[in-house]
Each structure stands twice: as C-alpha cells, then as structure tokens.
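What follows is a set of notes on a single structure, which appears directly below.
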Amino acid sequence: MESNLIHSKLKLKGKNVEWLASEMTAAGQPISASTIYKKLKGEVVFKASDIKFISKLLDLESEEIMVIFFNELVSKKTREDCYR
C-alpha cells in the first residue's frame, strides 16, 4: 500500500481524507475518515468497491491503481514511473 500517493493525489485536488469519506458516504459507500486512515496505514484492507470508487474520484490511471493498492505485485520500474 502506497498511501503517500493517495495523500498526494488528494492534495493535488485540494481535498483531504475527510472529503473522501464524505464523497464515499454520499455515494452509498458509508465510511468514516478514521476507517480510511486505518486502511491507508494497512490496518484494514481496502475492498474492491473502495478501490474502484477512490480510483474514479481521484482520476487514477491503471498503473497508479496497481502501485497504490497492489504495490507488492508491481515491479520497481512501474512504481518509479508513477512518481514522475
């Protein structure tokens, strides 16, 4: 889990985790900011529906989704490309 990339994407949009929780809840996926923070720390696993919704909200590219949520499965080269 590359939570720093989620935080970066949120900042680029002028948003924060509280906004993300509010948007997800408004769309019928109730979640608290504290739960999102736990998921970002790896204490709780993101559900596929969470990943799909967050990816859409933050306009994440396929490569970014893989690096952020599945970094154990992604090569170092792909991770480096997403930091550029």
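It should be emphasised that the depicted structure is a prediction, and the values quoted were computed from it without experimental measurement.
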Taking the side chain as every heavy atom from C-beta outward, state whether [X] and [Y] have any atom pair closer than 4.5 Å.
X	Y	answer
E18	I36	no
H7	N4	no
K15	L57	no
P30	M24	no
E64	K9	yes
F69	L60	yes

side-chain contact (heavy atoms from CB on, under 4.5 Å) partners of S22, counting only residues at least two apart: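 Once residues adjacent in sequence are excluded, S22 has no partner under the side-chain contact (heavy atoms from CB on, under 4.5 Å) criterion.
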V17 vs L40, side chain to side chain contact (heavy atoms under 4.5 Å, CB included): CA-CA, chis, key distance, verdict: CA-CA 10 Å; V17 170; L40 291 171; 4.1 Å; yes
Measuring from [X]:[atom1] to [Y]:[atom2], what's the distance to the nearest 0.5 Å?
X	Y	atom1	atom2	result
I51	K39	CD1	NZ	8.5 Å
L10	L58	CG	CG	5.0 Å
K47	I54	NZ	CD1	10.5 Å
T35	E43	OG1	CD	10.5 Å
F46	F53	CZ	CZ	13.0 Å
Y37	L20	OH	CG	9.5 Å

A21 versus S32, closest heavy-atom pair with distance: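 Scanning both residues, the minimum pair turns out to be CB-C, 3.8 Å.
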Heavy-atom closest pair, residues N16 and W19: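 Nearest pair, atom of N16 first, then W19: OD1-N, 2.8 Å.
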Stepwise side chain to side chain contact (heavy atoms under 4.5 Å, CB included) check, S3 with K41: CA-CA 7 Å; S3 61; K41 290 180 187 175; over 6 Å; no
Side chain to side chain donor-acceptor pair (under 3.5 Å) partners for E61, two or more places apart: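 For E61, no residue satisfies side chain to side chain donor-acceptor pair (under 3.5 Å) once neighbours in sequence are set aside.
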